[in-house]
Every structure is written in structure tokens, then in C-alpha cells.
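A short worksheet on the structure shown next.
Indexing begins at 1, ligand by ligand and atom by atom, following the structure's order.
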Amino acid sequence: MAARILLIIGGGIAAYKSLDLIRRLRERGMSVTPVLTPAAGHFVTPLSASALAAEKVYGELFDLTDEAEMGHIELSRAADLVVVAPATADLMARMANGHASDLASTLLMATDKPVLIAPAMNVRMWEHPATRRNLATLRGDGVLTVGPDEGAMACGEFGFGRMAEVPEIVAAIEAALGAGPLAGRHVIVTSGPTHEPIDPVRYIANRSSGMQGTALAAALMRLGARVTFVTGPASVPPPQGAVVARVETARQMRDAVMAALPADAAVFAAAVADWRVLNAADRKMKKDGTGRPPALEFAENPDILAEVSRLPVQRPQLVVGFAAETDDVVEHATAKRARKGCDWIVANDVSESTGIMGGAENQVTLISDAGAEAWPRMGKEMVAEQLARRIAATLAGGDI
Ligand code: C5P
């Protein structure tokens, strides 16, 4: 695709990855015009950016005053997409406040094209209330974001703030251009726990954070998918850009999933309660003075995954379930795949010692017709990325 990218490289150590980004974009047939902020010049040289892009590199606003040069308005509009990578805390602050104090910020003010930023900064800077505010402002302005990821940083700290890896940025660029492998595809993702009421103030829940489902929805969207995100009361916010259906109970989740059909794929990452309280009280239960605890009766919840897997008409082409097990993971998950009738089961060991449930990492085994494929332990974001790619490849190939 002959898309034209205006790549603004900010002044951070992650700028070195932007050189590789230029190569990967060019491999895909895109043209890249690099703009280096003055600070970026301390990390990468204009010569390397220019050589890799095979284009002139722009740096100073005053470069553009020459009649022979392209003016900044023209430069900002000649692109199909403006990408800022790395987007430093300072650059984000200037963007959020509408500064036009140098070439990069002026181009960002002058453009009429979509803007995608790949933030990269120290974890404290990323978590600083000022950056939170700026991010919210930018998202409100329609700026697209990719990353940052969690991990070890060049400054020696650990946390969120690492610039997204190059393949992730490439995928986000393709999605922003409407060109990702999942463009035109609809995927339903369930996520988070369910709450099953006991009475109006109490409920039965589980420890699911919604992190894996959220990361997966975001990864699918980066590949261009339209995602309906059906979420129970999770502890992480839903991903930007998804159509979000918020539910509490398993039965509400089922109804929301059915209402979202048809879909090309459905991924059931929610930790759905198997049982609901049949005799839930409509008033707060009180101690009755006898010392006898109330007896709760349970009824089985609908199994959404099994139901969708067996739909006669609207069954998505690919149905993926998760299996959280504490023992004999592969054996149980293989049996679950057959029982539920889904195409894949993503199995993981959630026994307490693994720290997976509610934690940032996951170690999964993908169970399909082809057998059991154990993936190494990695961040939930990375699991999501790999799974989303596998889903894209499978839908494209039609081979499940
Ligand atoms: O049977 P189990 O709860 O272990 O199955 C887990 C898989 O089934 C997950 O993909 C989960 O989202 C899905 N599920 C469901 N509806 C239920 C129970 C589980 O969709 N009532």
C-alpha cells in the first residue's frame, strides 16, 4: 500500500526503535518522511533517518521558510497519517496544549490527517497526573495511541512507559490506515468477572481483573478489527475505540453477546460465574438472631461459550475459549474444548503460586485441532498480540 507517513521522532532513548520502524514501513511499501525534534537529534542522527527513509529529513521550522522547500502546512497534509514515535512527555504536553513552538508541534497543529502517538517515557512521568491529563485530552481530540508497554526501561526502572515494540506500532499504523489484516472484521470479546447478586448489596465474584481480555481487544483493534467488548465489572478500564457493553451477571453477558452477533470471531476471556444465587433476596439480608446462616441455593448459569459454539446459523467462523485451571491444565482444557464445541482453548494455570490471576503475566497453551502448543511465559499484552495475530491469520486463511 502506498501510504505516506509523516514520522515525527521525539527526543527519547526509544528513538532508536524509530529507525527500525522506518525500515518496516518501507518494506510494506509505505513512504516515510521523518521529522526530528531538536532533542531527537541527540539520540539518532538525521543522516540515519534520511538514509533509511530515502527522503529528506526535516528538523527546524526555519528549514521550511525557503521558497524551494515544502511549507509546513503542505508537509503536514501530504501524509495519510502522522505518527509520533517516540512521543515524549514533553511532546504530549505540547500537543495537548496546542503549542506550535517548533516544527514538530507546528506540523501537529497544522495537520488535517489522523495522528497516532507511541508514548515513551519513564514510568513516573507516564503515571504523573499531568501526563494522565494530557493523554485524556489527546484521546478526546481523537489522537490514536499505541502502547506504552510494561517492562524494563533504559533508565533502569520497571513499569509502563516503554515504547510499544515496532511490530505493534506497524500494526497500529495499518489499523489507522484501515489496512490491518482484520479490517472489516467484527470480533466479540468477553472480559472481566461477573457479579452474581446475593442481595442488593452483596454478590459472588471472582478475581479476574479483565486485563487479558482488555489487552486482547486492544490488539485485535490494532489489527483493524471492529471489536464489541462485553465486560463484567473489571478492575481495568475498557480499551479505547471498542463498542463497550457493560454487564454484571452471566445472564446479562449472554444477552449482550447474542445482541452483538453476527461476528467473524468471538473470544471468551471473561471469567463467568458458573452458578448464580437462585434465592437472591431483593432486600438486604439480615442476621435473624438464631445464629443460623442463610442457605443459598444455586442455579446454573448459561454457558455462553458453549451456546455460541453450537449456534446453528450465526456461529462465528472462529470461537475461542479460555480455560483457567489449577491442575492437569492441558488434559482438562482439551476435554473442555470438546465439551464446549469451540475451535480453540487458551489454557492457563491459575494456581496461586503462578500469580497469573490478577497478575501482569500469563503462560498459556493453545489447544486446537492441531494439538496443544505451549507458549513461553510472557506479559499479557504480548499474549494478546500473538493471539490477535493468530486470529487474523486464521480468519484470512479460512483454516481453523
Ligand atoms: O467451564 P469454564 O468456566 O472453565 O470455561 C471457561 C470458558 O468458558 C471461558 O472462555 C469462559 O469465558 C467461558 N464461559 C462462558 N460462560 C459460562 C462459563 C464459562 O462463556 N457460563
| field | Atoms of ligand 1 close to G321 [distance to a heavy atom under 4.0 angstrom, numbered from 1] | value | 10 (O)

| query | So, D90 and T88: side-chain donor and acceptor under 3.5 Å apart, yes or no? | reply | no

| Any side-chain donor near an acceptor of the partner, T131 and N134, under 3.5 Å | no

| note | Per-atom filter on ligand 1: closer than 4.0 angstrom to a heavy atom of D274 are 3 (O), 18 (C)

| query | Among V143, I8, V35, L103, whose side-chain contact (heavy atoms from CB on, under 4.5 Å) with L108 holds? | reply | I8

| query | Nearest protein heavy atom to atom 8 (O) of ligand 1, by residue and atom, and its distance? | reply | K340 NZ, 3.2 Å

| What do you reckon, does R254 put a non-hydrogen atom under 4.0 Å from ligand 1? | no

| message | Checking a contact table here: which protein heavy atom is nearest atom 20 (O) of ligand 1, and how many Å away? | response | L305 N, 2.9 Å

| query | Is a side-chain donor or acceptor of E373 paired with a backbone partner of I367 at a separation under 3.5 angstrom? | reply | no

| said: Test your reading of the model: is there a side-chain donor-acceptor pair from T111 to the backbone of L107, 3.5 Å cut-off? | reply: no

| field | Protein heavy-atom partner closest to atom 9 (C) of ligand 1 - residue, atom, separation in Å | value | F322 O, 3.1 Å

| D369 with R337: basic N within carboxylate O range, under 4.0 Å | yes

| field | ligand 1 N/O within reach of V272 N/O, cut-off under 3.5 Å | value | no

| message | Between ligand 1 and A270, is the shortest N or O to N or O distance under 3.5 Å? | response | yes

| query | When only distance counts, is I304 in polar contact with ligand 1, meaning an N/O pair under 3.5 Å? | reply | yes

| Looking at R162 and E381, does any basic side-chain N land under 4.0 Å from a carboxylate oxygen? | no

| message | Residue-level breakdown please: for M253 versus ligand 1, do any non-hydrogen atoms fall below 4.0 Å on the side chain, on the backbone, on both, or on neither? | response | neither

| query | Heavy atom of A250 under 4.0 Å from ligand 1? | reply | no

| said: Show the atoms of ligand 1 that are less than 4.0 angstrom away from any heavy atom in K336. | reply: 1 (O), 2 (P), 4 (O), 5 (O)

| field | Selection from A269, S309, A324, P302 by shortest heavy-atom distance to atom 21 (N) of ligand 1 | value | P302

| field | Side-chain donor/acceptor of Q212 to backbone N/O of K380, under 3.5 Å | value | yes

| field | Lys/Arg-Asp/Glu bridge criterion (N-O < 4.0 Å) met for R315, D343 | value | yes

